[in-house]
Amino acid sequence: MRWSLVVLLGLVGLPLVAQQRVEPASIAGKMQWFQDAKLGIFIHWGIYSVNGVDESWSFYNKKMPYAEYMKQLEGFTASKYDPTAWADLIQRSGAKYAVITTKHHDGVAMYATRATPNVGHYKWSLPGPLSVELASPAGRDVVAPLFTELRKRDLKCGAYYSLIDWTDHAYPAFIKDSVRYDIRKDARRWKRFLTYYQAQIDEIATQLNPDLWWFDGDWEHSAKEWEAPKVRASILKRNPQAIINGRLQGYGDYQTPEQNIPVERPDSPWWELCMTINDNWGWQPQDTNYKSTHDLIAIFADVVSHGGNLLLDIGPREDGTIPPRQVQVLEELGQWNAKHGEAIFGSRAGLPNGHYYGPSTLSADSTTLYLFLPHGGCGSVEVKGLHNKVLSAEVLGLSMPLKHRVVGKISWSSVPGLLFIDVPQEASDPWMTVLKVKLDGPVRLYRGEGGY
Ligand code: GLC
């Protein structure tokens, strides 16, 4: 039955949510900071930034030969890498956490690995660990210094780690349309890979102790094949507070829709939309299709309105500089956040669809409602089905009090009237205006169909 449903959903093109094996109530405590955080910065940094090609996928998808891809190691310098400046920028954007690639599907570690891969018959075969520290001019671990700087600023640290390793000789997949071997026929070879990748997880846990583990690539194998329960248990044994994203075949804590904005509010209390700032995860100079600050604020408001987080991705260059366009967007986002932070950070999902035609959030105690006004909104803003009395309404960041009124309330009926708040033109924020509406108590909503 379940499988037929899965097949059916697959056919109609709906995303399949990995079955959650983690009980939400059991993790609520450790998820608190994540739920409050709302904004994280995702950083895809790797040797792919040397030629500006698709991260790992470029050789997998045969856009370039593997050897040429790996040759980028020789050009990865990190010569202007300034983790202090990175952490400052992340903080200025308003983000509360960052997630950086510790190893992408290409198998190149960005941190100081000493685990021995099972490399064999490729031109680029290294006798020992594969990392930018040991095999590129950068000559150093580029993750640890960023974690240090983030922690100085009280920002949480996330480690992206791809389970996939298309370089390792004991990993079955390599280039699209071909596999090295079948793990059902050579369990010992697969075991060698499991040993390798789990050794890397141990290293990352010991050296970096991430607050958040951002796994990727779980789709290539089942939970059983990855030994997902064991990996989850070993991470939590070392750090019971560690959060694990939802890409561990059902053994993670929260969902990670990618690029696709949910239209309906996700069921899960915790979710995070990961999204690129242009069209690619890593640095690609020809990709100038940047989302504007307006676009990103609209997306961000929509995400927080539905109780989620936005994990906004940037792609630094090989020398460690962050392209000016990316810096500009983060800074502008930061300016908007500084003015409207009260409506965002620590907030909860806003009104369900139908009450207000725009994004909204609620304070954690749900006695304050924040209305986001898209399209440079002014005029009469309408809210339906609100039982509460409004104590006050103002423009956030300007402390400008606003007139409000209720119309259509029938004295003998329990159905609430319509709330109108009058917003003058001069209240408009250049990106998106936010109203703060104080209620007489926790929000109470009417969800019915009217009547007589
Ligand atoms: C996808 C891509 C990967 C990227 C990730 C970020 O899984 O395969 O390249 O790092 O998305 O979410």
Please check if any side-chain donor atom of [X] sits under 3.5 Å from a side-chain acceptor atom of [Y], or the reverse.
{"X": "N289", "Y": "N278", "result": "no"}
{"X": "Y161", "Y": "D216", "result": "no"}
{"X": "Q259", "Y": "T276", "result": "yes"}
{"X": "Q249", "Y": "S222", "result": "no"}
{"X": "Q284", "Y": "D54", "result": "yes"}
{"X": "E331", "Y": "Q335", "result": "no"}
{"X": "E133", "Y": "Y111", "result": "no"}
{"X": "R447", "Y": "H355", "result": "yes"}

Exercise: identify the closest heavy-atom pair between [X] and [Y]:
{"X": "G94", "Y": "N337", "answer": "CA-ND2, 4.1 Å"}
{"X": "T113", "Y": "S131", "answer": "CG2-CB, 3.9 Å"}
{"X": "Q72", "Y": "G52", "answer": "OE1-N, 4.3 Å"}
{"X": "S56", "Y": "Y69", "answer": "N-OH, 3.0 Å"}
{"X": "I183", "Y": "P172", "answer": "CG2-CG, 3.4 Å"}
{"X": "V303", "Y": "L310", "answer": "CG1-N, 3.9 Å"}

Taking the ring of [Y] and the ring of [X], is the distance between their centroids below 6.0 Å?
{"X": "W45", "Y": "Y81", "answer": "yes"}
{"X": "W271", "Y": "Y254", "answer": "no"}
{"X": "Y181", "Y": "W190", "answer": "no"}
{"X": "Y160", "Y": "H104", "answer": "yes"}

Please work out whether the ring planes of [X] and [Y] are parallel, tilted or perpendicular, with thresholds of 30° and 60°.
{"X": "W336", "Y": "H340", "answer": "tilted"}
{"X": "F345", "Y": "F300", "answer": "tilted"}
{"X": "W57", "Y": "W166", "answer": "perpendicular"}
{"X": "F59", "Y": "F174", "answer": "tilted"}
{"X": "F34", "Y": "Y97", "answer": "tilted"}
{"X": "Y48", "Y": "H44", "answer": "tilted"}

Counting only heavy atoms not in [X] (residues, nucleotides, ligands), do more than 12 fall under 6.0 Å from its [atom1]?
{"X": "Y357", "atom1": "OH", "value": "no"}
{"X": "D365", "atom1": "CG", "value": "yes"}
{"X": "K291", "atom1": "NZ", "value": "yes"}
{"X": "Q286", "atom1": "CD", "value": "yes"}

So does [X] pair up with [Y], basic N to acidic O under 4.0 Å?
{"X": "K38", "Y": "E272", "answer": "no"}
{"X": "E225", "Y": "R184", "answer": "no"}
{"X": "E68", "Y": "K71", "answer": "no"}
{"X": "R114", "Y": "E203", "answer": "no"}
{"X": "R348", "Y": "D36", "answer": "yes"}
{"X": "R265", "Y": "D302", "answer": "no"}
{"X": "E318", "Y": "K80", "answer": "no"}
{"X": "R238", "Y": "D202", "answer": "yes"}
{"X": "K30", "Y": "D253", "answer": "yes"}

When you compare the side chain of [Y] with that of [X], does any pair of heavy atoms fall below 4.5 Å?
{"X": "I314", "Y": "F42", "result": "no"}
{"X": "L362", "Y": "Y370", "result": "no"}
{"X": "I322", "Y": "L89", "result": "yes"}
{"X": "I299", "Y": "M275", "result": "yes"}
{"X": "P352", "Y": "L445", "result": "yes"}
{"X": "F147", "Y": "I100", "result": "yes"}
{"X": "R151", "Y": "D211", "result": "yes"}

Checklist entry - Does the side chain to side chain donor-acceptor pair (under 3.5 Å) test come out yes or no for N309 and Q35, once each step is laid out? => result CA-CA 7 Å; N309 289 3; Q35 184 169 29; over 6 Å; no
Checklist entry - Can any side-chain N or O of S305 pair as donor or acceptor with the backbone N or O of G350 at less than 3.5 Å? => result no
Checklist entry - So, the side chain of R192 versus the backbone of A170: is there a donor-acceptor pair under 3.5 Å, distance only? => result no
Next on the checklist: Can you tell me how far apart CG (N61) and NZ (K176) are? Round to the nearest 0.5 Å.
Outcome noted: 5.0 Å
Next on the checklist: Among I261, L273, N353, V263, exactly one meets side chain to side chain contact (heavy atoms under 4.5 Å, CB included) together with H306. Which residue is that?
Outcome noted: N353
